[in-house]
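Report on one structure; see the data block that follows.
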Amino acid sequence: MRWSSPHLPLLLLLFLFSFLTTLVGGFKICAYNVQQFNSAKASNSRVLHTVMRIVARCDICLLQEVMDPDGRVIKALLVSLNREIDRYDDYSYKSVSSKSLGNSANNMQQYVFIYRTDTVNVTAQHQYQKKQSFVREPFAVQFESAKTAIKKFILIPLHTDPGQAIKEIDRLYDVFEEVSKKWKNTNVMFLGDFHAGCAYLTRTNKKSIRLFTNSAFSWLIGDKVDTTVNDETNCAYDRIVVHGKTFLKAISPFSAKVFNYPKEFKLTRSTARGISDSLPLEVTLKSSALLLQATPLLILITVSAIVQSFLSAL
């Protein structure tokens, strides 16, 4: 006896939607200046939980202003992320970190990438050494993922010193030349708190910055985007910049944006300011070409099954 149900077409549609959302949902890269993320701050359970929720949305998340020389802060964050609970999809997370960087013993900071081992892996890392060029020298990491159209790409973070923002942003071009030559890979993304807005960076200043004057670089966060938590400011301090058409084509259109977590998590502005004065940035890479090519066939098969089950139900 053939089994049929009038609800079967709806169930198949729901399955298709869920499957395709997972399949082509993209690969998210994020950057967040947590502002003095040290052991005292991480001991606040609400702060740690909020940072965890922000990081858990991303395949790779860059954290800046991490002050964690003994590794306890990031270890606590990873323990929280790796708990086996369904709300975070049971991903496994690891981290890769720069050394402590800075000119002042009281303000030594690390760049930390937290990434999902299920979707991406680290293939190389490189600490830029020309300290006279930066207060906190960029820490380049090369990632590889079978789930992205770009496959292998380099992320280079920078948290500028506000008073030297113009010079430091310009010197990222020198970092690009060194790293792309070292790894023979020009698929490079710069990201972080550049202080690239308001009084720190004007339209006139851009003429002296090679990442602006060289058309091979695309700035994905516009000058009018507010990346701050404070209502009193409206500045595009935090930025994402990519090199080359290949990398640009691998990015989902209009996916580069601010993640307004106070609104999404229903937090007051004062609570959010207690975590950081910056909002996280995010951008989505397209899924691998192989998966995207398979999608039309999957749709055709599923639609055919829906039609057949519907006819059987009549």
Side-chain angles (χ1 to χ4, degrees), residues 29-44 47-48 50-52 54-55 58 60-82 93-115 117 122-143 154-165 167-172 174-176 178-179 182-183 188-196 200 227 237-240 274-278 280-281:
I29 298 173
C30 308
Y32 184 34
N33 182 346
V34 197
Q35 195 177 20
Q36 298 185 348
F37 192 40
N38 53 25
S39 57
K41 198 167 192 176
S43 65
N44 184 316
V47 170
L48 187 65
T50 302
V51 174
M52 178 183 65
I54 292 169
V55 173
C58 315
I60 302 173
C61 186
L62 162 69
L63 298 180
Q64 302 150 82
E65 273 201 59
V66 177
M67 299 176 175
D68 186 30
D70 59 8
R72 293 182 182 179
V73 172
I74 296 303
K75 182 179 179 180
L77 182 58
L78 288 173
V79 168
S80 297
L81 283 164
N82 286 321
Y93 294 85
K94 285 187 177 181
S95 67
V96 57
S97 173
S98 73
K99 62 182 182 180
S100 294
L101 304 164
N103 294 336
S104 170
N106 297 324
N107 191 24
M108 299 297 287
Q109 304 176 13
Q110 296 158 273
Y111 299 115
V112 179
F113 287 100
I114 297 180
Y115 61 97
T117 59
V122 172
T123 61
Q125 54 184 286
H126 173 67
Q127 179 64 68
Y128 193 69
Q129 297 294 333
K130 295 179 181 178
K131 190 170 179 61
Q132 69 276 15
S133 298
F134 301 92
V135 172
R136 292 171 285 271
E137 310 93 278
F139 173 64
V141 179
Q142 183 169 246
F143 292 92
I154 301 167
L155 301 184
I156 302 178
L158 176 64
H159 178 209
T160 67
D161 179 79
Q164 302 183 45
K167 291 182 179 179
E168 290 192 3
I169 297 170
D170 176 62
R171 289 167 180 164
L172 283 176
D174 301 323
V175 182
F176 166 77
E178 178 175 301
V179 172
K182 178 181 179 66
W183 292 329
V188 174
M189 176 185 291
F190 298 102
L191 65 173
D193 185 352
F194 293 179
H195 292 100
Y200 298 122
T227 69
Y237 290 146
D238 302 75
R239 301 295 186 111
I240 298 175
I275 301 171
S276 176
D277 58 3
S278 297
L281 300 183

Please check this pair: side chain of [X] against backbone of [Y], looking for a donor-acceptor N/O pair closer than 3.5 Å.
X      : Y      : value
Ser276 : Asn33  : yes
Tyr111 : Arg136 : yes
Thr227 : Asp238 : yes
Thr160 : Ala165 : no
Gln35  : Ser278 : no
Lys41  : Val34  : yes
Arg171 : Ser133 : yes
Asn82  : Tyr93  : yes
Gln129 : Gln127 : yes

Next item on the list: Kindly write out the residues that satisfy ring pair (Phe, Tyr, Trp, His ring centres under 6.0 Å) with Tyr200, not counting sequence neighbours, or none if the list is empty.
Entry: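 Tyr200 satisfies ring pair (Phe, Tyr, Trp, His ring centres under 6.0 Å) with His195, Tyr237 only.
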Checklist line | ring pair (Phe, Tyr, Trp, His ring centres under 6.0 Å) against Phe176, all qualifying residues, sequence neighbours excluded | finding: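 Listed in chain order: Phe217, His243.
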Would you give the length of the straight line joining atom [atom1] of [X] to atom [atom2] of [Y], rounded to the nearest 0.5 angstrom?
X      : Y      : atom1 : atom2 : result
Ser97  : Asp68  : OG    : CG    : 7.5 Å
Phe143 : Leu155 : CZ    : CG    : 5.0 Å
Glu65  : Gln36  : CD    : CD    : 6.0 Å
Ile154 : Ile156 : CD1   : CD1   : 6.0 Å
Gln132 : Glu137 : CD    : CD    : 9.0 Å
Leu62  : Ile114 : CG    : CD1   : 9.5 Å

Would you call [X] and [Y] a side-chain contact if the rule is heavy atoms closer than 4.5 Å?
X      : Y      : answer
Gln142 : Val122 : no
Leu77  : Leu63  : yes
Phe113 : Pro157 : yes
Trp183 : His126 : yes
Met67  : Asn107 : yes
His159 : Gln109 : yes
Lys94  : Leu78  : no
Tyr32  : Ile54  : yes

Check: Between Leu81, Val47, Val79, which is the residue that forms a side chain to side chain contact (heavy atoms under 4.5 Å, CB included) with Met52?
Finding: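 Among Leu81, Val47, Val79, the one that satisfies the side chain to side chain contact (heavy atoms under 4.5 Å, CB included) with Met52 is Leu81.
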Notebook entry, point to check: At their closest point, which heavy atom of Phe194 faces which heavy atom of Leu172, and how far apart are they?
Noted result: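 Reported closest heavy-atom pair: CZ-CD1, 4.1 Å.
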Next item on the list: Heavy atoms only: give me the nearest Val96-Gln125 pair and the separation to one decimal.
Entry: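 Heavy atoms only, the tightest pair is CG2-NE2, 3.5 Å.
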Next item on the list: Taking atom types as modelled, find out whether Ser98 and Gln110 have a side-chain donor-acceptor pair closer than 3.5 angstrom.
Entry: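 Judged by distance alone, the side chains do not pair up.
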Notebook entry, point to check: Under 2.5 Å between the SG atoms of Cys30 and Cys61?
Noted result: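 Looking at Cys61 and Cys30, their sulfur gamma atoms do not lie closer than 2.5 Å, so the answer is no.
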Check: Does the pair Leu48 and Phe37 meet the rule for a side chain to side chain contact (heavy atoms under 4.5 Å, CB included), with working shown?
Finding: CA-CA 10 Å; Leu48 187 65; Phe37 192 40; 4.2 Å; yes
Next item on the list: State which residues pass salt bridge (Lys or Arg N to Asp or Glu O under 4.0 Å) with Arg239; sequence neighbours excluded, sorted by chain then number.
Entry: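 Partners of Arg239 under the salt bridge (Lys or Arg N to Asp or Glu O under 4.0 Å) test: Asp223.
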